[in-house]
Amino acid sequence: MPELDLSIGGRVFRMSCQPGEEGHLRTAAAILDAEAAPLMSQAGRMPEARMLLMAGLMLADRLAGHEDQTAQARRRIEELEARLAELEARPPEKVDVVVEKIVEVPVETRVEVPVIPRSLIDRMAELAAEAESMADAAEERAGELADLQFDS
């Protein structure tokens, strides 16, 4: 089992981990150290347990904020999906006019071209981009949560 020396808050801790998990452990230690370093510079010398507790609480506070953002993003995605379904279910008004004109053309020379209003295409592209952005943020947050759970 590999052992690593990890520096957190100016102190070195020797930790064991499963083979192949060294990178995750180093990343988690770097995140914790980033929270502990300002504490140590502001408060000076403090007991190890208190430094680790405060750094952990600061991380938990950030995690809670990210969870709130993730929940908001999920709600927004649900709203956008519902709106998109509503738009897809409602036929555009301009298409009806085009279809009537196509029906009047003799069968031998008939050419059917679907017409989707430009505004609908633009709005669908906007919704897709926003949903993709939210999905990326959710994936990034899920990765952060997985890294934090790994530490537990």
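We count residues from 1, following the sequence as given. Note: hydrogens, waters and symmetry copies are ignored here, and every other heavy atom, side chains too, is used. Note that the structure is predicted; figures quoted are calculated from it, not measured.
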In terms of heavy-atom contacts, Pro38 and Ala34 come closest through CD-O, 3.1 Å
Could you check if a side-chain atom of Glu22 sits within less than 4.5 angstrom of a side-chain atom of Leu4, using non-hydrogen atoms only?
yes
Backbone N/O of Glu79 and side chain of Glu81: donor-acceptor pair under 3.5 Å:
no
Do Leu80 and Met134 have side-chain heavy atoms sitting under 4.5 Å apart?
yes
Minimum heavy-atom separation for Ile8 to Ala29, with atom names?
CG1-O, 4.0 Å
Tell me if the CZ atom of Arg11 is crowded by more than 12 foreign heavy atoms within 6.0 Å.
yes
How far does CD of Glu126 sit from CD of Glu130, to the nearest 0.5 angstrom?
8.5 Å
Ile31 reachable from Leu53 in the ILVMFWY side-chain graph, under 4.5 Å edges:
no
Donor-acceptor under 3.5 Å (Thr70 side chain, His66 main chain):
yes
Side-chain heavy atoms of Leu6 within contact of Arg14, under 4.5 Å:
no
When you compare the side chain of Met54 with that of Arg50, does any pair of heavy atoms fall below 4.5 Å?
yes
Side chain to side chain contact (heavy atoms under 4.5 Å, CB included) for Met58 and Leu39? Distances and angles first, verdict last.
CA-CA 10 Å; Met58 290 169 60; Leu39 290 172; 3.8 Å; yes
Is it the case that more than 12 heavy atoms not belonging to Glu88 sit under 6.0 Å from its CD atom?
yes
Can we say Arg83 and Glu86 salt-bridge, meaning some charged N sits less than 4.0 Å from an Asp/Glu carboxylate O?
yes
From Arg26 atom CZ to Glu21 atom CD, the distance as rounded to the nearest 0.5 Å:
12.5 Å
Apply salt bridge (charged side-chain N to carboxylate O under 4.0 Å, His left out) to residues Glu78 and Arg75 and explain how you reach the verdict.
CA-CA 5 Å; Glu78 289 172 3; Arg75 283 191 299 274; over 6 Å; no
Atom pair CZ (Phe13) and CG (Asp5), whose distance is rounded to the nearest 0.5 Å:
11.5 Å
Is the shortest heavy-atom distance from the side chain of Pro2 to the side chain of Pro19 under 4.5 Å?
yes
Can you tell me how far CG of Leu59 sits from CG of Leu52, rounded to the nearest 0.5 angstrom?
11.0 Å
What heavy-atom pair brings Leu25 and Cys17 nearest, and what distance separates the two atoms?
CD2-CB, 3.8 Å
Measuring from Leu32:CG to Thr27:OG1, what's the distance to the nearest 0.5 Å?
12.5 Å
Could you check whether atom CE of Met15 has more than 12 heavy atoms from other residues, nucleotides or ligands sitting under 6.0 Å from it?
no
Which distance, rounded to the nearest 0.5 Å, do you find between the CE of Met1 and the OG of Ser16?
6.5 Å
